[in-house]
**Student:** 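Below is the structure I would like to discuss, written out as structure tokens.
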Amino acid sequence: MSRRWVYLQLNLQVEANVAKAVAIAKRAKAAGYNSIVLADYKLNILDRVPRHYFRHVEQFKESCRQLELEIIPAVCPIGYSDGLLAHNPNLAEGLPVKDAAFVVRDGTATLTSRESFLPGGDFESFREHIASGWNYQDFPKDASFIDTELKHGGRAALRFESLVGRNGRVIRKVAVQPYQLLHASVWIRTDRFSTAGNMRMMAIGADGRTLSYSNLGVKPTQGWRQHHVMFNTLDNTEINFYVGCWNGGDGRFWLDDVRLEESAFVNLVRRDSCPLKVQIEGGRELREGVDFAPLADPKLGNVPYSGSYDVYHEPPKLRLLPAAKVSDGDRLRVSYYHTVTIYENQVTCCLADPEVFRVLAKQVKLVEELFSPRTYFLSHDEIRVADWCPACHRDGRSAGELLARNIRQCAAVVRQINRQAKLCVWSDMFDPHHNARDKFYLVQGDLARSWEGLPDGMTIVNWNHGQASESLPFFGKQGFKQVLAGYYDSDPRRIRSWLSLGDDDDGINGVMYTTWTGNFDHLEAFAEAAWDKE
């Protein structure tokens, strides 16, 4: 087994992390590892880091040189794109809003609809602990109760308790317009609720596709706190809206003042391939900077720092100028693009905009100057929003063909800078037995054939241990070498059974100790289990 890697996700700008990284490197060498995959966010913004960062890197490089450990830097953050988007937040993939209806009032365009789609969201109307205005309520009078003592506003809230192993939700079917941006909000109170992390506010389309994936960040015990979700209705005319908890635990929680309403311009994306169109209803198109003031979202990708996006904030306003010659009551239709966050505020860049590759080239060049690496790790991983903006559809490509072209371009970026560089990439987005499939999260269309873009000589870092018997031969038959990304903060001995599923034709020539929690306690045990299989 020629490749014995350790995945090290660490910020070397922090001085204390340098000693930690060196200690891990020393243990890795003693256990038989030969390479460190360095996944440091700062490798995406090397033109912005302070001088002491480079001193810290030199210390780590010198330690690895003495230990004869190869450093493999992670570049091209396609999926978790905050490092790339720190350079230009408008490179986020944009979902389309089409012909949103506005009305002019006092020189400002506001949405014609400002009413909540949830007339029962305040829980003011009820009968025998059953809230009015909802199509479904889990376990009324058993685990869900109208509470007139503890409420956020008005005279009542909805309380859930005794939910161990059960769901606690309310659900409403809502008629919507296609391709509109909706804002959902809810006030939540909890009391020692052990599964607060399972609380969700979400919409599901008529075809069963989930439209929103934001984690609410509810704490086990908290006072009344408002939580937000933004989502695009896509091609739906009807959705099912949910709020509550799945697979509940001990303790209690309360819901109150749930709202679902149209919104506009939150995380508005502005680039050439994501145009903004403002038109008088049934009439002429208005010109930005002439008929209406330049429109941008100053908080786009800037909360709390560059490259970081929040779920919701107060949106910018569309202000008309005198040249527009519009009056109060005139109606407008507005089309634009916005981005959305996934889970813990993940945002993915556009896969096709040329500026993406210019940013990547600049950063890879800086990584080359700093490390002169023999191997680069391309960070394509869990690409959950893709194939919506005009840049993606320029040549009529499918989602899979779009991603295939992206990986070819990213590989070309690296090899134009280092022709001899070896390349490796995560497996999931190129594996039909994993994430390379139809309607993956908010990807438009089918990701099949994405693997056709993998260049010859690419090493696949395979983490599909759940379907290893299908995944390993899939890549093996195409002639790719594979490194198995094992451990994943579980039993280090599991790598033995995974290795046993492969055969000589699967091209397995390495393993990688992979931790997402920074737990290196089992570094040696994993090595012992993996090396024993040789």
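Atom set for the values below is all heavy atoms of this structure, side chains included, hydrogens, waters and symmetry mates excluded.
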**Student:** Is there a donor-acceptor contact under 3.5 Å linking the side chains of Y441 and Y343?
**Tutor:** yes
**Student:** Suppose we screen for ring-ring contact (aromatic ring centres under 6.0 Å, His included). Which residues come up paired with F160, at least two apart in sequence or across chains?
**Tutor:** F253
**Student:** Under 4.0 Å between a Lys/Arg side-chain N and an Asp/Glu carboxylate O for R437 and D431?
**Tutor:** no
**Student:** Under a 3.5 Å threshold, yes or no: a donor from one side chain and an acceptor from the other, between Q180 and T233?
**Tutor:** no
**Student:** For the aromatic rings, using the six-membered ring if either is Trp, is the centroid distance between W388 and Y337 under 6.0 Å?
**Tutor:** no
**Student:** Can you find a side-chain donor-acceptor pair between Y487 and R493 that sits under 3.5 Å?
**Tutor:** no
**Student:** Could you check if a side-chain atom of L423 sits within less than 4.5 angstrom of a side-chain atom of R415, using non-hydrogen atoms only?
**Tutor:** yes
**Student:** Identify, with sequence neighbours excluded, every residue that meets ring-ring contact (aromatic ring centres under 6.0 Å, His included) alongside W5.
**Tutor:** none
**Student:** Name all residues meeting the ring-ring contact (aromatic ring centres under 6.0 Å, His included) criterion together with H434; count only those two or more places apart in sequence or in a different chain, and write none if there are none.
**Tutor:** W463
**Student:** Give a yes-or-no answer on whether the side chains of D353 and S273 include a donor-acceptor pair shorter than 3.5 Å.
**Tutor:** yes
**Student:** Is it true that E401 and R449 make a salt bridge, defined as a side-chain N closer than 4.0 Å to a carboxylate O?
**Tutor:** yes
**Student:** How about H313 and D297: does a side-chain donor come under 3.5 Å of a side-chain acceptor?
**Tutor:** yes
**Student:** Between S308 and V303, what is the shortest heavy-atom contact and its length?
**Tutor:** OG-O, 2.7 Å
**Student:** Examine the side chains of S214 and T341 and answer whether a donor and an acceptor come within less than 3.5 Å of each other.
**Tutor:** yes
**Student:** Verify the distance criterion only: is there a donor paired with an acceptor across the side chains of E368 and N418 at less than 3.5 Å?
**Tutor:** yes
**Student:** Judged by modelled atom types alone, do R494 and S490 share a side-chain donor-acceptor pair under 3.5 Å?
**Tutor:** yes
**Student:** Does the gap between the ring centers of Y336 and F265 come in under 6.0 Å?
**Tutor:** yes
**Student:** With a 4.0 Å cut-off, would you call R270 and E288 a salt bridge?
**Tutor:** yes
**Student:** Passes side chain to side chain donor-acceptor pair (under 3.5 Å), D489 versus T515? Steps please.
**Tutor:** CA-CA 6 Å; D489 303 292; T515 172; 2.7 Å; yes
**Student:** Got a sec: does the CD of Q177 have more than 12 other heavy atoms crowding it under 6.0 Å?
**Tutor:** no
**Student:** Output all residues satisfying ring-ring contact (aromatic ring centres under 6.0 Å, His included) with F231, sequence neighbours left out; order by chain, then residue number.
**Tutor:** none
**Student:** State, yes or no, whether a side-chain contact exists between T375 and C424 at a heavy-atom distance under 4.5 Å.
**Tutor:** yes
**Student:** If we count only N and O atoms by modelled type, under 3.5 Å, do the side chains of D138 and N167 hold a donor and an acceptor together?
**Tutor:** no
**Student:** Carefully, step by step, assess L300 and L268 under the rule side chain to side chain contact (heavy atoms under 4.5 Å, CB included).
**Tutor:** CA-CA 7 Å; L300 175 75; L268 171 70; over 6 Å; no
**Student:** Using distance alone, with no hydrogens and no angle criterion, decide if T459 and R3 have a side-chain donor and acceptor under 3.5 Å apart.
**Tutor:** yes
**Student:** Quick one: do R358 and E355 make a salt bridge, cutoff under 4.0 Å?
**Tutor:** yes
**Student:** Would you tell me whether T339 and N267 have side-chain atoms, one donor and one acceptor, within less than 3.5 Å of each other?
**Tutor:** no
**Student:** With no hydrogens and no angle check, just 3.5 Å: does a side-chain donor-acceptor pair link N462 and S471?
**Tutor:** yes
**Student:** Please confirm whether F377 and W426 have ring centers closer than 6.0 angstrom.
**Tutor:** yes
**Student:** What orientation do H433 and F474 show, parallel under 30°, tilted 30 to 60°, or perpendicular over 60°?
**Tutor:** perpendicular
**Student:** Which salt bridge (charged side-chain N to carboxylate O under 4.0 Å, His left out) pairs, counting each pair once, include a residue from residues 73-95, with sequence neighbours left out?
**Tutor:** E93-R271
**Student:** If every non-hydrogen atom of G248 is compared with every non-hydrogen atom of F193, which pair is closest and at what distance?
**Tutor:** CA-CZ, 4.3 Å
**Student:** Output every pair passing ring pair (Phe, Tyr, Trp, His ring centres under 6.0 Å) with a member in residues 166-186, not counting sequence neighbours, ordered by first then second residue.
**Tutor:** H183-H228, H183-Y312
